[in-house]
> 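Please see the structure below; I have some questions.
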Amino acid sequence: MTLLEEFAARLRSETDLDVRGAFDRAAAQKELRRDSAFVLLLEDDSRPSEVVGHVRQVADVIVGVLLGVRNRRDDRGESGLTEIEAAREQVFRALLGWTPASAFCEVTHRGGRAQPAQRDGEQWWIDTWHVEILREQE
């Protein structure tokens with residue numbers, strides 16, 4: 001199971017969001033069926049390698065969780081803010097401090113920001129998460 005698959009599986013098991021993967025934000029925002037979380041690979045930054053018989057390299061991986069909710073109750077979007085916060089809370093409970101099997105440290109939160117909506121009645125937010133993985137080649 002890849003790191004992104006682990007993130008998606010964790011969110012599916014720990015939240016009531018519609019969890020899917022996506023290549024980028026634009027692809028994810030094409031269709032919002034219900035309150036959703038899209039798992040995206042945002043950054044993969046490898047540190048200098050160590051060579052002692054084989055290559056070992058630590059990588060800092062940034063995973064994005066893009067949240068989309070429908071504004072169901074009002075025209076100004078205030079209810080969407082409440083729904084985004086509720087979705088974020090579910091994601092925080094699922095990810096913060098969790099250690100994926102393919103990683104060697106706990107997942108930590110890096111930050112979050114609002115995203116532009118593609119259609120009226122939708123609100124979008126992305127949170128970024130950091131985890132370290134080890135790559136080895138003999």
> Heavy-atom distance under 4.5 Å between the side chains of S36 and R20, does that happen here?
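Yes. Closest side-chain heavy atoms under 4.5 Å.
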> Could you tell me if E122 and W124 have a donor-acceptor pair between their side chains, going purely by distance under 3.5 Å?
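Yes - a donor-acceptor pair under 3.5 Å links their side chains.
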> Only one of T15, L95, L67 clears side-chain contact (heavy atoms from CB on, under 4.5 Å) with Q90; which?
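The option that passes is T15.
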> Among V65, L11, V69, V91, find the one that has a side-chain contact (heavy atoms from CB on, under 4.5 Å) with L17.
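Answer to the side-chain contact (heavy atoms from CB on, under 4.5 Å) test with L17 among V65, L11, V69, V91: V91.
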> Test: side-chain hydrogen bond (donor to acceptor under 3.5 Å, both in side chains). Region: residues 103-112. Which pairs qualify, not counting sequence neighbours?
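Qualifying pairs: H109-D127.
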> Apply side-chain hydrogen bond (donor to acceptor under 3.5 Å, both in side chains) to T99 and list each qualifying residue two or more places apart in sequence or on a separate chain.
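Listed in chain order: nothing, the list is empty.
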> Please identify each residue that fulfils side-chain hydrogen bond (donor to acceptor under 3.5 Å, both in side chains) with E43, with sequence neighbours left out.
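E43: no side-chain hydrogen bond (donor to acceptor under 3.5 Å, both in side chains) contacts found.
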> Residues in salt bridge (Lys or Arg N to Asp or Glu O under 4.0 Å) with E14, at least two apart?
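Scan of E14 (salt bridge (Lys or Arg N to Asp or Glu O under 4.0 Å), adjacent residues dropped) gives none.
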> At their closest point, which heavy atom of A101 faces which heavy atom of E6, and how far apart are they?
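Closest approach of A101 to E6: N-OE1, 2.6 Å.
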> Evaluate side-chain contact (heavy atoms from CB on, under 4.5 Å) for D18 paired with D35, printing each intermediate quantity in order.
CA-CA 6 Å; D18 178 23; D35 292 356; over 6 Å; no
> With side chains defined as the heavy atoms from C-beta onward, is the minimum distance between V131 and L3 less than 4.5 Å?
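Touching, per the 4.5 Å side-chain cut-off.
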> Can you name the residues that form a salt bridge (Lys or Arg N to Asp or Glu O under 4.0 Å) with D16, not counting sequence neighbours?
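D16: no salt bridge (Lys or Arg N to Asp or Glu O under 4.0 Å) contacts found.
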> Using ring-ring contact (aromatic ring centres under 6.0 Å, His included) as the criterion, list what pairs up with H130, not counting sequence neighbours.
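H130: no ring-ring contact (aromatic ring centres under 6.0 Å, His included) contacts found.
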> Listing request: all salt bridge (Lys or Arg N to Asp or Glu O under 4.0 Å) pairs with a residue in residues 94-104, at least two apart in sequence or in separate chains.
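Every candidate salt bridge (Lys or Arg N to Asp or Glu O under 4.0 Å) pair involving residues 94-104 fails, so no pair, neighbours aside, qualifies.
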> Who passes side-chain contact (heavy atoms from CB on, under 4.5 Å) against L41, sequence neighbours left out?
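Testing L41 for side-chain contact (heavy atoms from CB on, under 4.5 Å), a comparison that skips the adjacent residues, returns L4, V61.
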> The criterion is side-chain hydrogen bond (donor to acceptor under 3.5 Å, both in side chains); which residues satisfy it with E132, sequence neighbours excluded?
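E132 satisfies side-chain hydrogen bond (donor to acceptor under 3.5 Å, both in side chains) with R47 only.
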> Does L40 reach the side chain of L66, with side-chain heavy atoms less than 4.5 Å apart?
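A side-chain contact exists here, since the closest heavy-atom pair is under 4.5 Å.
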> Can you find a pair of side-chain heavy atoms, one from L96 and one from V107, that are under 4.5 Å apart?
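The answer is no, as the side chains (C-beta and beyond) never meet within the 4.5 Å cut-off.
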> How long is the span from the CZ atom in R135 to the CD atom in Q57, to the nearest 0.5 Å?
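Interatomic distance, R135 CZ to Q57 CD, rounded to 0.5 Å: 7.5 Å.
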> Would you list the pairs meeting salt bridge (Lys or Arg N to Asp or Glu O under 4.0 Å) in which at least one residue belongs to residues 90-100, sequence neighbours left out?
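Output for this query lists E89-R93.
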> So, for W129 and F92, is the gap between ring centers shorter than 6.0 Å?
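Yes; F92 has its ring centre under 6.0 Å from that of W129.
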> Should F7 and R12 count as side-chain neighbours, where that means a heavy-atom distance under 4.5 Å?
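Not touching, per the 4.5 Å side-chain cut-off.
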> Would you check if V58 and I133 make a side-chain contact, meaning some heavy-atom pair closer than 4.5 Å?
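No; the side chains remain at least 4.5 Å from each other.
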> Within the 4.5 Å heavy-atom criterion, are R10 and P100 side-chain neighbours or not?
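Heavy-atom side-chain distance check fails, nothing below 4.5 Å.
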> Restricting to non-hydrogen atoms, name the atom on Q115 and the atom on I126 that form the minimum distance, rounded to 0.1 Å.
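Result for this residue pair: NE2-CG2, 3.3 Å.
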